[in-house]
2 protein chains.
Amino acid sequence: MKVLIVDDDNLVAVSLKTILSSDSEIEVTGIGNDGTVAIRLYEEQQPDVLLMDIRMSGMSGLDAGSEILSKHNDARILYLTTFNDDEYIIKAISIGAKGYIIKQDFESIIPAVKSVYKGQSVFGNAITEKLPGIINKKKTFDYESFGITPQEKEIIEEIAKGLSNKEIADKLCLSEGTVRNYLSNILRKLDLRDRTNLAIFYYQNR
Amino acid sequence: MKVLIVDDDNLVAVSLKTILSSDSEIEVTGIGNDGTVAIRLYEEQQPDVLLMDIRMSGMSGLDAGSEILSKHNDARILYLTTFNDDEYIIKAISIGAKGYIIKQDFESIIPAVKSVYKGQSVFGNAITEKLPGIINKKKTFDYESFGITPQEKEIIEEIAKGLSNKEIADKLCLSEGTVRNYLSNILRKLDLRDRTNLAIFYYQNR
DNA sequence: AATATGATGTGACAAATGTCATATCGCATT
DNA sequence: AATGCGATATGACATTTGTCACATCATATT
């Protein structure tokens, strides 16, 4: 199985080569440090799997992958990243990458490469937990377990609709001051700074 | 690595056991033919990976998996199926399953089980091609068409992360006043009241 | 009856937010 | 050279927001 490695950080690229080369089935055919190089090396070597960083100076891994896939729609690209940004996961899957795993998780890399070689898609540990959220916003946050009372929960719902303190007070028949007190308690319990961050939290954990 | 196999068709279940047992790292701790049995055996054996059919007479694999995951949210469930229906894929991912592969693809099963054991998610050959389509069913809002400039878009991104005007100013090397002006323009263009509503809008149109 | 508790309220305060009018500067068009 | 435009900036201002200390009051507990 021929593997091409492309990583911005040459030290990482070399380490990956060492790790992968320890497996008898894997042959590392090349190392690159940039998106444009990835495209060129891919053309030259036609590797079975391209193991590539997302964030790179110069051409990004996503752009390079996108270009490679437009020519070779059977290319098997496995992204490596230090970040596990939702945005990147979605983009990576969208362009047709076969996987997305965290760089640090060394011992998962070889099985991941093998799975991808067999045509499967692989998503690493940290990403795995986010998949349900990405596919379908169904995993709800358990506010109760953070000591949020039903009344406070109600306030959260209203803030998530974009209402001001005054409006919430009118709607729930409370004084504005009380709403503020509740909000203040909510923010402390959830360790958030302000209503905007609460709204963000709400929509990210729906 | 302890693996529990559950399949409606006993012949398939036994075949799977034979295949998996050929690997020295894998120990098949049990076989079941129904969802309710899956739940009971899971409790008894606490396997590392549960390899289960989706379609089964009696309780379905999805319902059983859902119940198991509600008690053991670290359960690693790998679904096997003869069908590759989008609905099932989405449901499987939604409940938090770690994989979804096609039964017929025998030689992919062992690496898939191993990847799942390591905490990764695996999606088989046939499914892999559908992932981009599944992910892309989301409708992204076109900010440009509402006259939002790239600079303003950048501000929106930062607000959606929960940053204050001051923080955004520092990050983008602008004065706080300028950030306020931009925000003011954004709110007018999108007809929103404040940053909280902007954040809500952002997450609802992602 | 005495006390504790929880829900609600008030007032004061500092900080952040949003709006507006206006200014500067560089660049492109005329 | 004159003009206009877009990006950036400033200052003033009213409003909203978040925090805190403390008050009130009904109900439940002892």
Side-chain angles (χ1 to χ4, degrees), chain A residues 57-58 60 85-87 140-206, chain B residues 140-206:
Chain A
S57 59
S60 86
D85 196 318
D86 287 13
E87 208 45 32
T140 33
F141 179 77
D142 182 13
Y143 289 92
E144 271 182 62
S145 72
F146 270 69
I148 300 293
T149 68
Q151 183 73 281
E152 287 167 347
K153 182 68 200 303
E154 183 57 30
I155 304 269
I156 293 175
E157 299 290 345
E158 300 306 331
I159 284 176
K161 287 178 191 156
L163 275 59
S164 70
N165 290 333
K166 182 76 177 64
E167 287 168 333
I168 297 171
D170 288 349
K171 189 163 178 180
L172 304 186
C173 293
L174 296 171
S175 83
E176 189 187 337
T178 303
V179 174
R180 288 184 189 193
N181 288 336
Y182 280 133
L183 173 56
S184 201
N185 291 334
I186 292 165
L187 296 178
R188 187 168 26 71
K189 286 177 185 174
L190 297 180
D191 195 26
L192 296 167
R193 314 158 79 180
D194 51 40
R195 70 202 299 106
T196 303
N197 279 274
L198 174 57
I200 293 169
F201 179 85
Y202 179 89
Y203 284 100
Q204 282 182 338
N205 292 284
R206 215 153 42 116
Chain B
T140 353
F141 180 77
D142 182 12
Y143 288 92
E144 271 180 63
S145 73
F146 270 67
I148 301 293
T149 68
Q151 184 72 282
E152 287 167 347
K153 182 68 199 304
E154 182 59 29
I155 304 268
I156 294 174
E157 298 290 345
E158 301 304 331
I159 285 176
K161 286 180 189 155
L163 274 59
S164 70
N165 290 332
K166 181 74 175 66
E167 287 169 332
I168 296 172
D170 289 347
K171 190 164 176 181
L172 304 185
C173 293
L174 297 171
S175 82
E176 190 188 335
T178 303
V179 174
R180 288 185 190 192
N181 289 336
Y182 280 132
L183 173 56
S184 200
N185 292 333
I186 292 166
L187 294 178
R188 187 168 27 72
K189 287 178 186 175
L190 298 180
D191 193 26
L192 296 167
R193 311 159 80 183
D194 51 40
R195 70 202 299 108
T196 303
N197 280 275
L198 174 57
I200 292 168
F201 179 85
Y202 178 89
Y203 283 101
Q204 282 181 340
N205 292 285
R206 224 162 26 128

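Convention: sequence-line order gives letters A, B, ...; per-chain numbering from 1. All of these numbers come straight from a predicted model, not from anything done at the bench.
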I'd like to know if the side chain of B:Tyr203 and the backbone of B:Ala160 have a donor-acceptor N/O pair within less than 3.5 Å. yes

Separation of C:dA16 atom C1' from B:Leu198 atom CG, nearest Å, is 16 Å

| message | Tell me whether the side-chain N/O atoms of A:Arg195 come closer than 4.0 Å to OP1 or OP2 in D:dT17. | response | yes

Is the distance from OP1 or OP2 of D:dT16 to the nearest side-chain N or O of A:Ser164 less than 4.0 Å?
no

Testing C:dG9, D:dC13, D:dG18 for proximity to the side chain of A:Ser184, the answer is D:dG18

With a 4.0 Å limit, can you tell me whether B:Gln151 has a side-chain N or O closer than that to the phosphate oxygens OP1/OP2 of D:dT8? yes

Assert: residue with more 5' nearest nucleotide on DNA chain D, out of A:Asn185 and B:Thr149, is B:Thr149

Ranking D:dA21, D:dG18, D:dT17 by distance to the side chain of A:Asn181, first place goes to D:dA21

With the side chain defined as heavy atoms from C-beta on, B:Ser175 is closest, among D:dA9, C:dT10, D:dT17, to D:dA9

Between CG of B:Leu172 and C1' of D:dA7 the distance, given in whole Å, is 14 Å

Here the distance between atom C1' of C:dG11 and atom CG of A:Asn165, to the nearest Å, is 16 Å

Rounded to whole Å, CD1 of A:Ile186 lies from C1' of D:dC20 at a distance of 17 Å

Of the listed D:dA9, D:dT17, C:dG18, the closest approach to the A:Arg180 side chain comes from D:dT17

When rounded to whole Å, the CG to P distance for the pair A:Leu183 and D:dT16 reads 15 Å

| task | Can you establish whether the number of heavy atoms outside B:Lys166 located under 6.0 Å from its atom NZ is more than 12? | result | no

Of the listed D:dA9, C:dG18, C:dG9, the closest approach to the B:Leu187 side chain comes from C:dG18

Rounded to whole Å, the CG-P distance (B:Asn197 to D:dT15) equals 19 Å

Handout entry: Charged N-O contact under 4.0 Å between B:Arg193 and A:Glu167
Key = yes

Taken to the nearest 0.5 Å, the spacing of B:Arg180 CZ from B:Asn165 CG works out to 6.0 Å

request  = State plainly whether the residues A:Lys153 and A:Glu157 are in salt-bridge range, i.e. N to O under 4.0 Å.
outcome  = yes

B:Glu158 CD to C:dA16 C1', in whole Å, measures 18 Å

Rounded to whole Å, the CD-P distance (B:Glu176 to D:dA9) equals 12 Å

